[in-house]
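For clarity, every value in this text was computed on a predicted model and none was experimentally measured. First the proteins, then the strands, lettered A, B, ... as listed; each starts at 1.
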2 protein chains.
Amino acid sequence: MTDRLLQQLNTIASLTETEEQAFVAVTTTRRLRKKEWLMRQGDICRMVTFIYSGSLRLFHTVDGEEKTIQFFFENALYTDYLSFLTGQPTLENVQALEDCALVQFSRADLEQLYQQHPVFERIGRISAERAFLSLSARNTLLTNQSPEIRYQQLIQARPDLFQRVPQYHIASFLGIKPESLSRIRKRMATR
Amino acid sequence: MTDRLLQQLNTIASLTETEEQAFVAVTTTRRLRKKEWLMRQGDICRMVTFIYSGSLRLFHTVDGEEKTIQFFFENALYTDYLSFLTGQPTLENVQALEDCALVQFSRADLEQLYQQHPVFERIGRISAERAFLSLSARNTLLTNQSPEIRYQQLIQARPDLFQRVPQYHIASFLGIKPESLSRIRKRMATR
DNA sequence: CCGAATGATTGATTTCGGTTAAGAAATTAC
DNA sequence: GTAATTTCTTAACCGAAATCAATCATTCGG
């Protein structure tokens, strides 16, 4: 399982044999059943998680209501930067949508790697930059476009999502209520 | 001017004399008059800009309408990650709200620094992480809270903003129309 | 100091997504 | 395979912000 994570890292910056070994030494694997939790609001996030298979949903709870922020599928990486970096309790909830196989490593070990092999610092930088870009894109979509456009872009970009995720989670991800998504779909069908 | 930028960098990771000199060698300074442009949609962003004094406004143009994304004041850093990292033309417009004194360095030089002194890689990583966190906070506010709450949080967090920035830019930053902001203010005053 | 331009407020109306409530369809569990 | 639960759709109504339009206030240039 760790192989595929290493592969991903190598696409960011290539690792020597030694660096790969140092990295593998700090990873652990883990399984999660559907509906089990990777993270609950109030936990402290000390791990980076690589999704080898399965899927996760990240959401915040606002006024008792779940606001879906992101979905994670195979080959994605997840960590709560805020909690991971500051040691603060997280505001995030992450739950398995499907059974998952995961690879993890801890913040403490990552700091060690940063010290010992600057290439990981580079990987960390590029990863953070990418996370920023993808958040930025989501931000732009969410604030500049109408729900209908957001929905259209999403089916364009991720048609698979609708096969694997219930519609009311997708509605939440789009920043609207399930009833509204239903209306949008109807509107678009009859046009 | 570059001193204050160095100071900021040193709070992220401390630089040796040599590293400081290498950095200073690649910086240039620049002035901008009110209403002049640092960046226009379609440009390619090759620079990181440190605001020594003055202020800037970053906005996107969507359907002929300006959407203010962010304000920059003294000691802030600006770059368009997307354009800076990929070399793509930017979608961002950045205009001086007040006369500005700026310190800049180029992507090419930064890459050199990354190669020669890993500490800059570290600074780059931490900066990207911070940018992510701050965008994430804005995101949460913008998507989870009503315009009224967003306005309240903003005067709490940045009362100075209202002294330095016209209200219609602030409205745009809050994701609403000037008329609506005016009404929110009236509503709050009479309560 | 005055007129023009810019920025803020106010009012009338419209629009769109939220809310509430019900029922239909699909999935899950026994 | 059927009942129970979950998910999705539909409809009527509501409310907050957008839109449209006018007016007021302030700033700026000459």
Starting at [atom1] of [X] and ending at [atom2] of [N], how long is that distance when rounded to a whole Å?
X: A:I176; N: C:dG18; atom1: CD1; atom2: P; result: 7 Å
X: B:M188; N: D:dA16; atom1: CE; atom2: P; result: 16 Å
X: B:R183; N: D:dG15; atom1: CZ; atom2: P; result: 17 Å
X: B:E66; N: C:dT6; atom1: CD; atom2: P; result: 13 Å
X: A:Y151; N: C:dC16; atom1: OH; atom2: P; result: 19 Å
X: B:Q163; N: C:dG7; atom1: CD; atom2: C1'; result: 16 Å
X: A:R185; N: D:dT7; atom1: CZ; atom2: P; result: 15 Å
X: B:L97; N: C:dG7; atom1: CG; atom2: P; result: 11 Å

### Query
How do B:V165 and A:K34 order along DNA chain C: which one's closest nucleotide is nearer the 5' end?
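Looking at the nearest nucleotide for each, B:V165 comes out on the 5' side.
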Using a cut-off of less than 4.0 Å, is there contact between a side-chain N or O of [X] and OP1 or OP2 of [N]?
X: A:S182; N: D:dT9; answer: yes
X: A:K186; N: D:dA11; answer: yes
X: A:Q167; N: D:dT9; answer: yes

### Query
Taking the nucleotide of DNA chain D with the closest heavy atom to each, which residue, B:E179 or B:I184, is nearer the 5' end?
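It is B:I184 whose nearest nucleotide is closer to the 5' end.
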### Query
Is the closest basic N to carboxylate O distance between B:R125 and A:E129 below 4.0 Å?
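Result for this pair is no, no salt bridge flagged.
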### Salt bridge A:E74-A:R164, side-chain N to carboxylate O under 4.0 Å
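Looking at A:E74 and A:R164, the cut-off is met.
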#### Entry: Passing candidate, side chain to side chain contact (heavy atoms under 4.5 Å, CB included) with B:R4, options B:N75, B:L9, B:V103
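Going through B:N75, B:L9, B:V103 one by one, the side chain to side chain contact (heavy atoms under 4.5 Å, CB included) with B:R4 is satisfied by B:N75 alone.
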### Query
Is the distance between the ring centroids of A:F50 and A:F105 under 6.0 Å?
no
